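Let me begin by presenting the structure, written as structure tokens, before commenting on it.
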Amino acid sequence: MLFKAIIRPTMFRTSANDPEISHHWLMDQMARISHNQALLKIIEATNAYKSPALERDVFGVHFPNPVGLAGGFDKNGIALPALAALGFGFIEAGTVTRHAQPGNPRPRIFRLLNDQAMINRMGFPNDGADTIQAHLARQPQPKIPIGWSIGKSKVTPPEEAIEDYLYSLRKLYAYADFFTVNVSSPNTPGLRKLQDKEPLDQLMHAIVQETRQIAEQTGRGRAKAVLVKIAPDLSEEQISDVVAVCLERNVSGIIATNTTLSRTGLKQQSTETGGLSGRPLHTRSLEVIRYLYKELDGKLPIIGVGGIFGPDDARRTLDAGASLIQLYTGFIYEGPGIIKKINRQLSHA
Ligand SMILES: Cc1cc2nc3c(=O)[nH]c(=O)nc-3n(C[C@H](O)[C@H](O)[C@H](O)COP(=O)(O)O)c2cc1C
């Protein structure tokens, strides 16, 4: 109520020309709160919905509930404890790149209010793996699973992509419960080519090998899970190729989907370039999840993401074959109450 009546209109109005203004303001507050244990407890007590019925064990990780925050919201991992206190079952931080980079010129996020959607062309702005690692070493860690999304730096040529991903993986290894290999952002030139069978095979082989080597060297248990995040714009044939690579290379799961380049079904046309997220993505995201589920035949779990705005969308995504779900745009439009709403309903299902 409070969110939709006051907070959202205020935030949307004050950052009408550049949604990032309110995002950065919010992240600064959340980063501050992340160091305040008393406040974190209050936020958790009022927001988090707990029930044994919501707990899940997926790819060797225990999740208190299946509702996660999608990649790209907390790119530098500065506010993870505060975001966790809102009741998420897990958070995907990043996408992080080896080199610090500013991303594309602003504005680079656009709200399509009539469609409950967003277009973004962020281009992975982030502080870079070294700085993020140093920051994490000083920050309290949240109690829920954290996945780190890793991507390719813009300055890195395609033939050096693997080493670029491995660098971030090594830096963040100690802070991750799982990794997501982001090969599906439309905003880094050439990145989506890494979804093609041959380059994806080489990349996933190298990354999974690296986790095994680190686990052996440190003697700290099993290698951490590695997932791959795919675009909704892949054909069935391309998705089948991704599945084959994931099974061959012992990838732990697939996240579907990232934003789309498609603009079909929009009420409000936009000439802005970038990836579309939110309600218009939901149907396509479900199609991809259903197809993946059929192809995977239960061999690997799926994290479903795309246009989830409430309990019904969440239920549909799980019914399509996802073991866990993630939100981004729905969290912006519906506010933090959406997490409890979904979890409450799922726990009674
Ligand atoms: C502003 C913005 C930034 C994003 N940044 C990333 C990112 O850095 N890495 C990533 O894997 N996905 C990123 N995404 C994609 C989301 O994680 C998600 O896959 C997509 O938005 C679809 O979910 P939604 O409809 O719930 O937003 C971003 C999305 C938005 C709207």
Side-chain angles (χ1 to χ4, degrees), residues 15 18-24 26-27 67-77 88 90-97 101 103-104 106-112 115-127 132 147-154 165 168 178-188 191-192 194-195 227-233 254-262 265 272 274-286 288-289 302-310 313-314 316-317 322 324-334 338-339 342:
S15 61
D18 186 358
E20 249 183 280
I21 295 170
S22 56
H23 186 79
H24 289 305
L26 184 76
M27 291 307 289
V67 184
L69 178 60
F73 193 89
D74 189 354
K75 290 180 184 290
N76 295 312
F88 283 115
F90 63 107
I91 297 170
E92 191 180 323
T95 297
V96 172
T97 54
Q101 55 184 38
N104 291 319
R106 287 168 65 173
R108 53 197 177 178
I109 305 181
F110 308 89
R111 297 188 194 107
L112 278 59
D115 291 288
Q116 295 194 292
M118 298 203 287
I119 290 175
N120 93 82
R121 51 169 179 267
M122 301 288 281
F124 297 161
N126 78 104
D127 292 343
I132 292 173
W148 275 96
S149 168
I150 51 178
K152 187 185 82 64
S153 314
K154 193 175 178 193
Y165 279 90
S168 301
F178 66 92
F179 284 95
T180 302
V181 178
N182 187 351
V183 282
S184 48
S185 165
N187 303 311
T188 296
L191 189 86
R192 284 185 165 198
L194 292 170
Q195 292 174 117
L227 286 79
V228 63
K229 183 166 177 180
I230 64 170
D233 306 322
I254 300 179
I255 303 187
T257 67
N258 213 314
T259 54
T260 179
L261 289 171
S262 160
E272 298 297 347
L276 175 73
S277 62
R279 277 213 197 270
L281 177 60
H282 189 54
T283 308
R284 177 59 192 155
S285 156
L286 286 176
V288 172
I289 295 165
I302 300 164
I303 300 182
V305 50
I308 298 174
F309 274 63
D313 303 328
R316 257 194 301 278
T317 308
L324 302 166
I325 58 168
Q326 292 179 325
L327 323 166
Y328 193 130
T329 309
F331 179 55
I332 303 282
Y333 277 88
E334 299 293 310
I338 187 177
I339 311 161
I342 294 175

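Index from 1, following the sequence. All values reported here derive from a predicted model rather than from experimental measurement. Remember, it's 1-based here, ligands and their atoms both numbered in the order they're listed.
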Proximal ligand 1 atoms for [X], defined as those under 4.0 Å from one of its heavy atoms:
X	answer
G306	22 (C), 23 (O), 25 (O)
T257	19 (O), 22 (C)
A70	17 (O)
N182	9 (N), 10 (C), 11 (O)
M118	31 (C)

Does [Y] offer a backbone N or O that forms a donor-acceptor pair with the side chain of [X] under 3.5 Å?
X	Y	result
Y333	A117	yes
N76	D127	yes
T180	K229	no

Aromatic contact between F88 and F73, with the criterion being ring centroids under 6.0 Å apart: yes or no?
no

Applying a 4.0 Å heavy-atom criterion (strictly less than), which segment of K75 is in contact with ligand 1: side chain, backbone, both, or neither?
side chain

Structural part of L281 in contact with ligand 1, heavy atom criterion under 4.0 angstrom:
side chain

Test item, G307 contacting ligand 1 (heavy atom, 4.0 angstrom)
yes

Can you tell me the protein heavy atom closest to [atom] and the distance?
atom	result
atom 9 (N) of ligand 1	T95 OG1, 2.7 Å
atom 21 (O) of ligand 1	S277 CB, 3.2 Å
atom 15 (C) of ligand 1	N258 OD1, 3.4 Å
atom 26 (O) of ligand 1	Y328 N, 3.1 Å
atom 20 (C) of ligand 1	T259 CG2, 3.8 Å

Residue selection (non-hydrogen contact nearest [atom]) among [options]:
atom	options	result
atom 23 (O) of ligand 1	V305, I109, N120	V305
atom 6 (C) of ligand 1	G71, G103, P19, G304	G71
atom 19 (O) of ligand 1	K229, H23, Q326	K229

For S149, enumerate each residue passing the side-chain hydrogen bond (donor to acceptor under 3.5 Å, both in side chains) test, keeping only those at least two apart in sequence or located in another chain.
T95

Short N or O distance, T329 and ligand 1, threshold 3.5 Å exclusive
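Between T329 and ligand 1 (N or O atoms, distance only) the closest approach is under 3.5 Å.
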
Are [X] and [Y] packed together at the side-chain level, in the sense that at least one heavy-atom pair is separated by less than 4.5 angstrom?
X	Y	result
N182	T188	no
N120	E20	no
R284	T257	no

Shortest non-hydrogen contact from Y328 to G71?
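Result for this residue pair: CD1-O, 3.6 Å.
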
So which atom in S285 and which in A256 form the shortest heavy-atom distance, rounded to 0.1 Å?
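For S285 versus A256, the nearest heavy atoms are OG-O, 4.1 Å.
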
How long is the straight-line distance from CD1 of I302 back to CD1 of I255, given to the nearest 0.5 Å?
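The distance works out to 11.5 Å.
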
